[in-house]
Amino acid sequence: MQDRIPTYGIMMYSHSGEKNWRFIVKNIREMGLLTKAVHAGIDEYEFGAVVPPIYQTSTFKFENVQHGADLFSGQGDGYIYTRMRNPTVEAMENAVAVLEGGAHALGCASGMAAIHTVFASVLKAGDHVICSESVYGPTSTLLRTVMSNFGIENSMVDTSNTETVRAAVKSNTRMIFVETPANPTLMISDLAAIAEIAHANNADLVVDNTFMGPVMQRPFEHGADVVVHSLTKSLNGHADVVGGVVVVKDAERYPHFRKTLNQIGGVIDPFNSFLVHRGLKTLPLRVRAASANAMKIAEYLEKHPKVEWVRYPGLESHPQYDVGRRQMDGSGAMISFELAGGLEAGKTMMNNVHLSLLAVSLGGVESLIQHPASMTHATMGRELREQAKITDGLVRLSVGIENVEDILADLEQALDKC
Ligand SMILES: *Cc1c(COP(=O)(O)O)cnc(C)c1O
């Protein structure tokens with residue numbers, strides 16, 4: 001199996017004033033972010049189609065025995081079977097690779113499938129992983145159950161404190177897995193400093209970049225080796241796909257990741273890839289609009305008497321505000337805040353919001369709100385919740401791209417009832 005090296009080139013035509021067109025080819029990687037979002041991964045298609053066709057096929061026929069043999073031996077260029085390669089999936093993968101600034105990307109069935117693919121590609125029994133303690137719940141569970149059953153050790157530490165990370169390094173540390181800003185506390189970890197620690201110990205820095213996305217944070221620019229995303233969130237952005245992606249910085253390491261994914265089998269399908277690729281075109285517009293709304297909402301909440309504190313990377317009150325300014329190009333769409341009235345206030349607020357939808361997930365065009373203590377983390381019990389810094393009045397808001405006055409009015413009437 002050999003992956004086609006993507007051209008990434010786009011063709012641009014400019015009229016010379018006469019009848020002939022001038023043909024310009026420029027590497028998409030040298031273009032601006034908005035241009036990348038619209039054109040990356042797009043090739044030439046049959047009938048002059050301007051978007052990649054959905055190749056909804058599980059398998060591809062060979063021209064003859066020799067052709068099939070060449071494809072399997074990696075000498076020929078072409079498609080064999082959709083779990084291995086599919087043109088619609090590849091188009092989306094190429095687009096994400098360009099936006100993140102990595103060599104190649106691998107489309108996965110979900111964000112968790114992407115994270116599992118990274119663990120399975122890099123780690124073996126006896127290795128040790130350092131992971132942010134404030135991390136997407138299933139990531140921590142995957143490490144503590146499945147990966148631990150396969151003999152992989154972990155230390156869950158506060159990665160927003162670089163010295164804590166340094167102290168957790170062991171001789172068998174092979175990976176530092178960081179989520180920044182983290183879920184749901186929005187603590188920020190210093191990527192450049194942690195990359196140095198990882199590389200000094202021959203370990204990889206893997207970053208879950210789901211919260212910021214490639215528009216507002218590109219971890220490769222700060223030393224990361226692998227980036228993962230849940231495509232379910234802002235990259236698709238329309239709450240109609242579950243998907244994930246792994247982006248690998250170095251082209252040389254990519255074939256091993258591809259082989260591992262091919263064996264594990266957690267691939268994304270062509271139709272979901274098509275939807276994600278469509279979502280990517282407006283990614284910069286969407287995340288900038290949501291981030292602008294979030295800034296106004298965070299400032300409003302910080303002054304509200306029924307709110308004890310607000311955690312948002314754009315507020316100077318954020319404990320790692322300076323680190324955030326250094327490594328992020330914006331503040332994102334996620335806000336956490338603590339209601340003064342605790343558990344009861346949380347329930348009341350949740351039962352009275354109308355525009356913000358009471359739902360998990362994040363990064364979509366619609367505002368979503370949730371109260372971990374009474375919803376996602378209710379069964380955990382207060383003691384465990386407090387250890388994980390999930391306080392009774394904690395509310396997590398994923399700000400959408402609606403008119404900010406409408407979001408604010410909805411929050412205000414719900415807060416009035418608390
Ligand atoms: C949602 C999410 C995931 C998991 O993604 P799925 O697509 O739901 O599997 C991983 N990390 C973060 C930060 C997330 O928000």
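Both ligands and their constituent atoms are indexed starting at 1 by order of listing. Quick note: residue numbers are just sequence positions, from 1. Just so it is clear, the model here is predicted, and its values are computed rather than measured.
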Report yes if some N/O of Phe211 lies less than 3.5 Å from some N/O of ligand 1; otherwise report no. no
Sub-4.0 Å heavy-atom approach of Val135 to ligand 1: no
Numbering the atoms of ligand 1 from 1, which are under 4.0 Å from a heavy atom of Glu179? 13 (C)
Determine the interplanar angle of the Tyr254 and His104 rings, folded into 0 to 90°, and report it as parallel if under 30°, tilted if 30 to 60°, perpendicular if over 60°. parallel
Do Arg85 and Asp77 sit within salt-bridge range, that is, some charged N less than 4.0 Å from a carboxylate O? yes
Looking only at protein heavy atoms, what sits closest to atom 13 (C) of ligand 1 is Asp208 OD2, 3.4 Å
Is it the case that more than 12 heavy atoms not belonging to Arg278 sit under 6.0 Å from its CZ atom? no
Counting C-beta onward and ignoring hydrogens, is there a side-chain heavy-atom pair between Pro319 and Arg311 closer than 4.5 Å? yes
Answer yes if the side chains of Thr139 and Glu179 hold a donor-acceptor pair under 3.5 Å, and no otherwise. no
Distance to 0.1 Å, residue and atom name: give those for the protein heavy atom nearest to atom 4 (C) of ligand 1. Tyr136 CE2, 3.3 Å
Under 4.0 Å from a heavy atom of Ser230: give me the atoms of ligand 1 that qualify, with their elements. 1 (C), 2 (C), 3 (C), 4 (C), 5 (O), 6 (P), 7 (O)
In terms of heavy-atom contacts, Val215 and Pro284 come closest through CG2-CA, 3.8 Å
Side-chain donor-acceptor pair under 3.5 Å between Arg325 and Ser331, yes or no? yes
Would you check if Lys281 and Val51 make a side-chain contact, meaning some heavy-atom pair closer than 4.5 Å? yes
Heteroatom distance test (Thr232, ligand 1): nitrogen or oxygen, under 3.5 angstrom: yes
Among non-hydrogen protein atoms, atom 6 (P) of ligand 1 lies closest to Gly111 N, 3.3 Å
Leu362 heavy atoms, cut-off 4.0 Å: which ligand 1 atoms fall inside? 15 (O)
A student checking ligand 1 against Gly243 at a 4.0 Å heavy-atom cut-off should list atoms 7 (O)
Closest approach of any protein heavy atom to atom 1 (C) of ligand 1, naming residue and atom: Lys233 NZ, 1.4 Å
